[in-house]
Undergrad: 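Questions regarding the structure given below will be posed in turn.
Side chains are part of it too, since the values below use all heavy atoms of this structure and drop only hydrogens, waters and symmetry mates.
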Amino acid sequence: MKIAAWNVNSLKVRLPQLLEWLEVQRPDVVCLQETKLEDHNFPQQEIAAAGYQAVFSGQKTYNGVALLAREMPVDIVFGNPHFPDPQKRLIAATVRGIRVVCAYIPNGQAVGSDKYAYKLGWLGALTPWLGEQLAANPQMVLAGDFNIAPEDRDVHNPTSWAGQILCSAPEREAFQDWLGLGLKDSFRLFEQPEKSFSWWDYRMLGFQKNQGLRIDHILLSKPLAARCTAAGIDREMRKRERPSDHAPVTVDIAD
DNA sequence: ATGGTAGCCGCGCTA
């Protein structure tokens with residue numbers, strides 16, 4: 001079973017790439033972020049024709065998440081009940097007995113800003129809810145754009161990013177809290193190349209110079225981590241014409 | 001020196 005997460009930065013623009021990628025990679029579950037579409041504009045027909053059920057929660061211009069699966073997701077929840085939020089950033093659903101949480105964690109803009117305070121509130125509210133989800137569903141995945149680089153090795157230039165947004169101590173502590181719940185960073189279950197990133201700024205030739213950060217993650221509960229056979233980042237999608245600024249991240253789970 | 005690119009449907013905001 002293959003599970004993936006991809007911040008598409010506009011599903012309208014990236015739909016042709018997504019459909020092609022689904023056909024080639026054949027993932028069983030896909031968590032999408034930054035769809036930037038209201039629900040009535042969601043390309044349900046095209047996704048269905050590709051062989052996927054979709055649940056989605058979107059808004060105009062900003063945010064928006066979707067969960068695609070070959071089998072019908074059940075027990076669907078939109079948003080964190082502990083954190084009422086007009087921004088569409090969270091979907092949870094059960095697919096083939098696995099609780100899948102698709103998250104677009106706030107960016108936070110800059111440490112100390114209003115958006116940073118919102119991010120920290122969002123992170124703080126996620127932890128207890130994840131604990132509840134995990135207690136009810138031992139097989140759980142948290143996948144998406146976390147907007148957190150968990151360690152310095154996840155940052156192209158840790159010195160210039162030290163303490164900055166995506167790297168600040170409170171953000172990293174929230175990530176550690178989720179590991180403390182028993183979740184595993186799937187990417188680090190395996191040996192990986194140095195300077196592996198999932199996001200590169202569109203500006204300043206960020207990708208060409210590999211000036212990126214690893215901020216897109218798939219965390220696995222212990223029973224799933226034990227069955228995980230591979231984890232990776234599909235950099236090829238970032239080399240395309242008109243790419244998303246994020247590459248898809250994937251895991252393989254043995255049946 | 002606070003730049004730059006992309007996406008939104010807007011004429012700035014967010015990332």
Undergrad: Give a yes-or-no answer on whether the side chains of A:D234 and A:W6 include a donor-acceptor pair shorter than 3.5 Å.
TA: no

Undergrad: In terms of heavy-atom contacts, does CD of A:Q208 have more than 12 from other residues, nucleotides or ligands at under 6.0 Å?
TA: yes

Undergrad: Quickly work out the A:Y118 OH to B:dT14 P distance and round it to whole Å.
TA: 12 Å

Undergrad: Quantified in whole Å, what is the P atom distance between nucleotide B:dT14 and nucleotide B:dC9?
TA: 15 Å

Undergrad: Can you find a heavy atom in the side chain of A:Q192 that is under 4.5 Å from one in the side chain of A:R214?
TA: no

Undergrad: Should the pair A:D152-A:R172 be classified as a salt bridge under the 4.0 Å nitrogen-to-oxygen rule?
TA: yes

Undergrad: Starting from C1' on B:dA15, measure out to CH2 on A:W200 and report it in whole angstrom.
TA: 16 Å

Undergrad: Starting at atom OH of A:Y116, determine the distance to atom P of B:dA15, rounded to an integer number of angstrom.
TA: 15 Å

Undergrad: Check the distance between B:dA15's P and A:I105's CD1 and give it to me in whole angstrom.
TA: 13 Å

Undergrad: Using the C1' atoms only, state how far B:dC8 lies from B:dG3, rounded to an integer number of Å.
TA: 22 Å

Undergrad: List for me each residue that meets side-chain hydrogen bond (donor to acceptor under 3.5 Å, both in side chains) alongside A:K88, sequence neighbours excluded, and say none if there are none.
TA: none

Undergrad: In residues 206-216 of chain A, what residues come within less than 4.0 Å of DNA chain B, judged by heavy atoms?
TA: none

Undergrad: What residues form a salt bridge (charged side-chain N to carboxylate O under 4.0 Å, His left out) with A:D245, not counting sequence neighbours?
TA: none

Undergrad: For A:N210, enumerate each residue passing the side-chain hydrogen bond (donor to acceptor under 3.5 Å, both in side chains) test, keeping only those at least two apart in sequence or located in another chain.
TA: A:W200, A:R235

Undergrad: Taking the same atom, C1', in B:dG12 and in B:dA1, what whole-Å distance lies between them?
TA: 23 Å

Undergrad: What is the distance, to the nearest angstrom, from the NZ atom on A:K115 to the P atom on B:dC13?
TA: 9 Å

Undergrad: Listed by chain and number, what are the side-chain hydrogen bond (donor to acceptor under 3.5 Å, both in side chains) partners of A:T94, not counting sequence neighbours?
TA: A:R99

Undergrad: Would you kindly give the CG-to-C1' distance between A:N107 and B:dC13, to the nearest whole Å?
TA: 13 Å

Undergrad: Could you tell me the separation between the CG atom of A:D145 and the P atom of B:dA15, rounded to a whole number of Å?
TA: 10 Å

Undergrad: Strictly under 4.0 angstrom, non-hydrogen atoms only: write out the protein contact profile of nucleotides 2-11 of chain B, one letter per nucleotide from the 5' end, B, S or -.
TA: --BBSSSS--

Undergrad: Does the A:R227 side chain pair with the main chain of A:A254, one donor and one acceptor, at a distance under 3.5 Å?
TA: yes

